[in-house]
Participant: 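Quick one: the structure is below, and I'll ask about it shortly.
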Amino acid sequence: MVAEGVAADGVGLAVALDGCGWHPAAWREPEARPRELFSGRYWTELVQEAEHGRLDFVTIEDTLALQSSGRAAGDEPDGRADEVQGRLDAVLIAARVAPLTRNVGLVPTIVVTHTEPFHISKAIATLDFASAGRAGVRVRVAASRDVAAHFGRRDLPDRWSAESVAELFDEAADYVEVVRRLWDSWEDDAEIRDVATGRFIDRDKLHYIDFAGRWFTVRGPSIVPRPPQGQPLVTALAHDTVPYRFAARAADLVHVTPRDARDAARISALVRAEWAAAGRPETEARLFADLVVFLDEDGGRAAERRQRLDERSGPEREFRSDAQIFVGTPSELADLLAEWAESGIDGFQLRPAVLPTDLRAITRRLVPELRRRGLFRDEYRAATLRGRLGLDRPANRYAPTGGAR
């Protein structure tokens, strides 16, 4: 039986992939593969493992700065040499993996603060074609002067006021709006491909988006036809009111970081209120909770592993995260997920503390336990990522709704 409050198809389930795992010392574990971090094979095998567990999607972490466990906002480097440094481009990883998988969604992370929406719209639309409708994008902002210095095109403040933070997220919202309009700038049937008449395209079905705002002025149209999903999935991680508002306005799926079931209910109410304020019905968006996980059939071994990793990181370097850290058995984690699902959470994104150890524990131990409880489906039941999450394929905003053209 499916628990009351849980969708008939169960909860959504995803994993977030980052380096050798989310603990900074994960690369030193026996099963870790640090020598392969910059190979296509490494990332392909991780994503294939997620697909083996029938997970909805994977996100691939990315930033515009070197990793740093001591950073507060996720951007400032701390100069340590005993942790993984360097990463591959998340969009290109997803493109490499796409033809070697068939079902799992691929959601690379992109930083909107210093990139151009035209480029990203083109890249994610291409990924949607390459994956046959399984692409998404996780958008994030960068508030670091260190990152801004990589580009030299803008200055960011030393200290962020509430007003300047709001502006940063307003810029991100405009960025996503431009990307979405570009995805719609080709109607679905714009390509004729009629050899007999010599017409490949109907130019009347390509549209200028003519976006003019404070941060972007983009004419369009895109150079890539409308993606298979119409609109690939847009996700965002949010921790507070301003990010909640941005995510409710711009994203199809919002990642949040509750501390317990009561906090999950509180955050769910806040985000859903923002959805309503943005004029979006709840059927158009999903809410996923993030957790870092140390999993083992023996909960004591999971705790020992975390302690060992903390000790390797050095004195006073206990691992902390913006998300709740779970240490225990797959059965105990299933209990927690079931409880949180009753608090308004649609799904969960788990961050494996060590790769591939905790990823395999998710796919080969947690998933069967969730299935036993009726909380997770047995097979993939939709061809596209949006369909798997119960999200409709959006109508094209530029196409006529009926009648003569």
Side-chain angles (χ1 to χ4, degrees), residues 91-92 94-95 98-99 105-108 110 112 115-139 170-236 249-253 278-281 283-285 382-405:
V91 175
L92 296 181
L106 304 171
V107 184
I110 58 101
V112 301
T115 57
E116 292 294 332
F118 191 93
H119 294 152
I120 296 303
S121 75
K122 182 166 68 79
I124 301 303
T126 300
L127 179 61
D128 208 40
F129 278 104
S131 64
R134 294 182 286 125
V137 60
R138 182 196 152 208
V139 296
D170 284 344
E171 177 188 10
D174 275 7
Y175 187 110
V176 175
E177 178 64 17
V178 172
V179 167
R180 289 191 182 279
R181 291 190 190 190
L182 288 167
W183 285 337
D184 278 350
S185 63
W186 290 52
E187 294 184 36
D188 289 317
D189 56 352
E191 295 172 87
I192 302 171
R193 305 180 189 179
D194 190 332
V195 174
T197 64
R199 294 184 70 205
F200 188 88
I201 194 169
D202 184 344
R203 288 290 306 179
D204 291 337
K205 295 186 178 182
L206 271 63
H207 301 275
Y208 297 115
I209 71 169
D210 289 328
F211 185 94
R214 178 178 173 184
W215 295 280
F216 306 104
T217 301
V218 180
R219 188 184 188 204
S222 176
I223 64 170
V224 180
R226 195 171 193 233
Q229 294 182 99
Q231 294 273 321
L233 188 77
V234 177
T235 82
R249 172 181 166 191
D252 304 301
L253 186 150
R280 301 181 63 186
T283 55
E284 291 186 359
T384 68
L385 177 55
R386 291 186 68 93
R388 195 165 305 132
L389 295 170
L391 298 172
D392 293 335
R393 187 179 190 273
N396 189 314
R397 74 189 68 197
Y398 299 112
T401 56
R405 180 176 285 276

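The basis for the numbers below is simple: all heavy atoms, side chains too, and nothing from hydrogens, waters or symmetry mates.
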Participant: As an exercise, state the distance from CG of Leu127 to CG of Leu92, rounded to the nearest 0.5 Å.
Facilitator: 10.0 Å
Participant: Is there side-chain contact between Glu191 and Trp186, with at least one heavy-atom pair below 4.5 Å?
Facilitator: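 Yes, at least one pair of side-chain atoms sits under 4.5 Å.
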Participant: A side-chain contact here means heavy atoms from C-beta on lying under 4.5 Å apart; do Gln231 and Asp184 qualify?
Facilitator: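 They are in side-chain contact.
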Participant: To the closest 0.5 Å, what do you measure between CG (Leu182) and CD (Glu177)?
Facilitator: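 That separation rounds to 10.0 Å.
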Participant: Are Tyr398 and Ile209 packed together at the side-chain level, in the sense that at least one heavy-atom pair is separated by less than 4.5 angstrom?
Facilitator: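 Yes, side chains in contact.
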Participant: Can you check whether Val139 reaches Ile110 side chain to side chain, under 4.5 Å on heavy atoms?
Facilitator: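 Yes, close enough: below the 4.5 Å cut-off.
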Participant: Decide, yes or no, whether a salt bridge links Asp128 with Arg386 under the criterion of side-chain N to carboxylate O below 4.0 Å.
Facilitator: no
Participant: Is there a side chain to side chain contact (heavy atoms under 4.5 Å, CB included) between Val234 and Trp183? Walk through the geometry before answering.
Facilitator: CA-CA 12 Å; Val234 177; Trp183 285 337; 4.0 Å; yes
Participant: Ser185 side chain to Ser222 main-chain N or O, any donor-acceptor pair under 3.5 Å?
Facilitator: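 It does hold such a pair.
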Participant: Mind checking what makes side-chain contact (heavy atoms from CB on, under 4.5 Å) contact with Asp188, not counting sequence neighbours?
Facilitator: Arg226, Arg393
Participant: Is any side-chain heavy atom of Val179 less than 4.5 Å from a side-chain heavy atom of Ile124?
Facilitator: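 SC-SC contact between Val179 and Ile124 ruled out.
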Participant: Determine, stepwise, if the pair Val178 / Glu116 fulfils side chain to side chain contact (heavy atoms under 4.5 Å, CB included).
Facilitator: CA-CA 10 Å; Val178 172; Glu116 292 294 332; over 6 Å; no
Participant: For the CG atom of Leu389 and the CG atom of Asp252, what is their distance to the nearest 0.5 Å?
Facilitator: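 Between atom CG of Leu389 and atom CG of Asp252 there are 9.0 Å.
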Participant: Could you state the interatomic distance from CG (Leu233) to CZ (Arg138), rounded to the nearest 0.5 Å?
Facilitator: 12.5 Å
Participant: Decide if atom CZ of Phe129 counts as having more than 12 heavy atoms of other residues, nucleotides or ligands within a radius under 6.0 Å.
Facilitator: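 Enclosed.
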Participant: Contact between Arg397 and Arg180 at the side-chain level, heavy atoms closer than 4.5 Å - yes or no?
Facilitator: yes
Participant: Heavy-atom distance under 4.5 Å between the side chains of Glu187 and Asp202, does that happen here?
Facilitator: no
Participant: For Phe216, give me all partners under ring pair (Phe, Tyr, Trp, His ring centres under 6.0 Å), at least two apart in sequence or on another chain.
Facilitator: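 If we apply the ring pair (Phe, Tyr, Trp, His ring centres under 6.0 Å) test to Phe216, skipping adjacent residues, the hits are Tyr175.
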Participant: Salt-bridge test for Asp174 and Arg214: reply yes if a basic N is under 4.0 Å from a carboxylate O, no otherwise.
Facilitator: no
Participant: Just wondering, do Ser131 and Leu385 contact through their side chains at under 4.5 Å, heavy atoms?
Facilitator: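 Sidechains of Ser131 and Leu385: no contact.
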